[in-house]
Amino acid sequence: MTTTERDCRYDWQVAEVQAIYEQPLLELIVQAANVHRRYHPPRDVQVCKLVSVKTGGCPEDCAYCAQSAHYQTGITPQPLMDVEEVVAIAQRAKAQGVSRLCLGAAWREVRPGRQFDQVLEMIRRVTDLGLEVCCTLGMLTPEQAQRLSEAGLYAYNHNLDTSRRYYPQVITTRTYDDRLNTIAHIRQTPITVCCGGILGLGETHQDRIELLTTLACLQPHPESVPINILSRVPGTPMANQEPVPLWDVLRVLATARILMPKSDLRLAAGRAHLSPAEQALCFLAGVNSIFSSDDGQMLTRTTPCPSYQQDQALLAQLGLVARAPRVGNKTTC
Ligand code: SAM
Ligand code: SF4
């Protein structure tokens, strides 16, 4: 039996995932570190930059989100950015070692028309710079997924966020199956899938185990799995949630690494609040992808993001290197 046959499975049962998740923490981390080393050059880290190309005023009611029009969060909505502005950000990012540019829009779904055409142009222009482009634009039809693919899109982000059973406590304006349907539409194209979740929404360990089981039963696995730690945004229903203990974050990351060995595992929102030593533990648990920034923020100023310089110093300190874009060289498990 090859390692791939042994490690890449899509028939995980919740009880099996629970047994992995509940192991003694350091055993779990060592196991994840070993899986990481079998499937990835262990020093490589993908550095990504997130650009909010259309900010705020979103009709969805995601209870964590600064951009939902349902909550008073103090965000000033911004219209769709100019293509040239996005290209300039991409050029600066590339010069700083970024290999993936993620374009996020606070939309419920993509609508055909001038704005979608403008996003397609952003994808073409940034792809021409040699960067992986990822978009997160809300729900998509199969036809829209096809148009994104024709523009050269490398990845599409669409997070499941939490377990199916906890989902209605977080979002009521769409269903879990809406999310899975959009992911299925992406899978009908060569675009890779970026899909993960958020910790700290008031979910139980069981919810985290169920989310990880759902992700690991997608076939193929998402090529990229972002794990966000809730940024508690004043004005949202999640503003007063308890902080997530580092130990829980490590448990989720290590379990994700074991279940989805070939996927890129990204520590996304919340990393700015972790010390360098805490982040080193996350890399050991299998993280091989991060967001970095030149403006100190992820999507909005409510979610801080470490700077390119801070991250370059961190990677150098830990002997890690920013990897090149994988455009034209896709991996799945
Ligand atoms: N509207 C698109 C969508 O929801 O798919 C894209 C933008 S949305 C901001 C992308 C992801 O960012 C969400 O799925 C969520 O996982 C994460 N996110 C948003 N607000 C967050 C917060 N306050 N803390 C942590 N993660 C957050
Ligand atoms: Fe809208 Fe996305 Fe925020 Fe939900 S997470 S409110 S869909 S921008």
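Order of listing sets the numbers, starting from 1, for every ligand and every atom in it.
- Close contacts of ligand 1 with Ala105, meaning ligand atoms under 4.0 Å from a residue heavy atom, involve 1 (N), 2 (C), 6 (C).
- Scanning the protein heavy atoms around atom 24 (N) of ligand 1, the nearest turns out to be Ser231 N, 2.9 Å.
- Annotation: Arg179 places an N or O atom under 3.5 Å from an N or O atom of ligand 1; distance criterion only.
- Close contacts between ligand 1 and Trp107 involve ligand atoms 1 (N) [criterion: under 4.0 Å to a heavy atom].
- On a distance-only criterion, Gln67 and ligand 1 share no N/O pair closer than 3.5 Å.
- In summary, the side chains of Tyr156 and Arg187 do not present any donor paired with an acceptor at a separation below 3.5 Å, with no hydrogens or angles considered.
- Nearest non-hydrogen protein atom to atom 20 (N) of ligand 1 is Tyr64 CD1, 3.3 Å.
- The contact set between ligand 2 and Ala106, taken as ligand atoms under 4.0 Å from a residue heavy atom, comprises 8 (S).
- Under 4.0 angstrom from ligand 2, the non-hydrogen atoms of Arg174 all belong to its side chain.
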>> Could you go through Glu109 and Gln144, starting from their C-alpha distance and side-chain angles, then the distance that decides it, and tell me whether this counts as side-chain hydrogen bond (donor to acceptor under 3.5 Å, both in side chains)?
In response: CA-CA 10 Å; Glu109 67 223 317; Gln144 289 164 342; over 6 Å; no
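- Close contacts of ligand 1 with Ile229, meaning ligand atoms under 4.0 Å from a residue heavy atom, involve 25 (C).
- Ring-plane geometry between Tyr167 and Tyr176 is classed as perpendicular, the angle between the planes exceeding 60 degrees on a 0 to 90 degree scale with a lower cut at 30.
- Applying the 4.0 Å criterion to heavy atoms of Thr136 picks out, from ligand 1, the atoms 2 (C), 3 (C), 5 (O), 6 (C).
- In this structure, atom 14 (O) of ligand 1 lies nearest to the protein heavy atom Asn159 ND2, 3.1 Å.
- When only non-hydrogen protein atoms are considered, atom 15 (C) of ligand 1 lies nearest to Ile198 CD1, 3.6 Å.
- For atom 8 (S) of ligand 1, the closest non-hydrogen atom on the protein side is Leu299 CD1, 4.1 Å.
- For ligand 2, the atoms sitting less than 4.0 Å from at least one non-hydrogen atom of Cys62 are 4 (Fe), 5 (S), 6 (S), 7 (S), numbered in the order shown with element in parentheses.
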